[in-house]
Amino acid sequence: MKITLNRLNDDFLFECTNSQGNSILLDNTTQPGAKGVSPMESVLMAVAGCSGIDVVSILKKQRQEITDFKAEVEGERVQVDDAKPFQAIKVKFLLEGNIDAKKAQKAAELSFEKYCSVSKTLEPNVEIGYEVYVNGEKI
């Protein structure tokens, strides 16, 4: 796996491109007019995307009918010397459709305990929690 980072302006705007040519923009979001997401926001996006792929994949295999899927991710940071790494991340899955609530909960559990490479990468240093809502009801 390899990505390429290219600087796009005289400041902090970067384009990150994977081997298939897909890209995202990273920027210093503390500056006015930022055109991309911060690197730390991209970490939260990666957790959401990785676990989201897992949950949807597991539920599809179980023939659950997902009509809408969203995830909200919040990160709590802590000062460590000059850096501010995440100390905790919480994911809230919001699913709609003809979905068995127990299967949705189990899918999220499997994602974070077994499949999500992003959360597994962060896990030794970051506490990751999750909540699952199906059709507006917390599981």
Side-chain angles (χ1 to χ4, degrees):
M1 181 179 299
K2 179 181 176 180
I3 65 106
T4 303
L5 181 136
N6 289 309
R7 187 174 177 208
L8 299 180
N9 64 11
D10 291 337
D11 287 318
F12 309 104
L13 182 62
F14 298 99
E15 179 180 45
C16 294
T17 306
N18 69 6
S19 59
Q20 296 171 324
N22 300 310
S23 63
I24 63 168
L25 296 178
L26 296 177
D27 207 345
N28 180 349
T29 58
T30 64
Q31 302 295 310
K35 294 184 173 33
V37 298
S38 76
M40 292 301 281
E41 289 169 332
S42 74
V43 171
L44 297 180
M45 291 176 179
V47 170
C50 185
S51 61
I53 288 169
D54 291 341
V55 170
V56 169
S57 176
I58 292 165
L59 292 175
K60 284 180 80 156
K61 286 177 185 171
Q62 296 175 337
R63 307 219 188 289
Q64 300 299 294
E65 192 177 314
I66 305 166
T67 58
D68 194 35
F69 180 94
K70 291 182 176 68
E72 297 173 358
V73 185
E74 292 185 47
E76 182 182 324
R77 297 172 74 179
V78 61
Q79 193 76 42
V80 176
D81 298 323
D82 292 331
K84 285 181 70 178
F86 289 118
Q87 88 175 12
I89 294 174
K90 186 167 190 178
V91 182
K92 182 191 284 188
F93 294 112
L94 306 161
L95 294 92
E96 299 286 331
N98 188 10
I99 303 164
D100 181 299
K102 288 181 182 172
K103 289 182 178 183
Q105 181 70 25
K106 184 64 176 175
E109 180 183 313
L110 284 169
S111 175
F112 289 111
E113 290 184 5
K114 188 172 183 182
Y115 297 119
C116 180
S117 298
V118 176
S119 65
K120 286 293 187 191
T121 299
L122 298 171
E123 196 174 71
N125 299 309
V126 182
E127 178 186 326
I128 300 178
Y130 61 92
E131 296 178 334
V132 179
Y133 291 77
V134 175
N135 299 318
E137 303 241 349
K138 183 176 178 183
I139 308 304

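- Remark: K102 pairs with no residue by the side-chain hydrogen bond (donor to acceptor under 3.5 Å, both in side chains) rule, at least two apart or across chains.
- Put simply, the side chain of I66 reaches to within 4.5 Å of the side chain of I99, judged on heavy atoms.
- The structure places CZ of F86 at 10.0 Å from CD1 of I128, a figure rounded to the nearest 0.5 Å.
- Looking only at side-chain heavy atoms (C-beta outward), Q105 and Y130 come within less than 4.5 Å of each other.
- Remark: the T29 side chain and the D27 side chain contain no N/O donor-acceptor pair separated by less than 3.5 Å.
- Follow the hydrophobic side-chain contacts under 4.5 Å out from V91 and you reach V118 in the same cluster.
- Between the NZ atom of K92 and the NZ atom of K138 there is a distance of 8.5 Å, given to the nearest 0.5 Å.
- The two atoms that bring S38 and E41 nearest to each other are N-OE1, 2.7 Å, heavy atoms only.
- Taking each heavy atom of S51 and C116 in turn, the nearest pair found is N-SG, 3.8 Å.
- Contact of the V37 side chain with the M45 side chain is registered, since non-hydrogen atoms from C-beta on lie closer than 4.5 Å.
- Placement of V55 and I139 within a single hydrophobic cluster is found when ILVMFWY residues are connected by side-chain heavy-atom separations under 4.5 Å, directly or transitively.
- The two residues M40 and R77 make their nearest non-hydrogen contact at CG-NH2, 3.5 Å.
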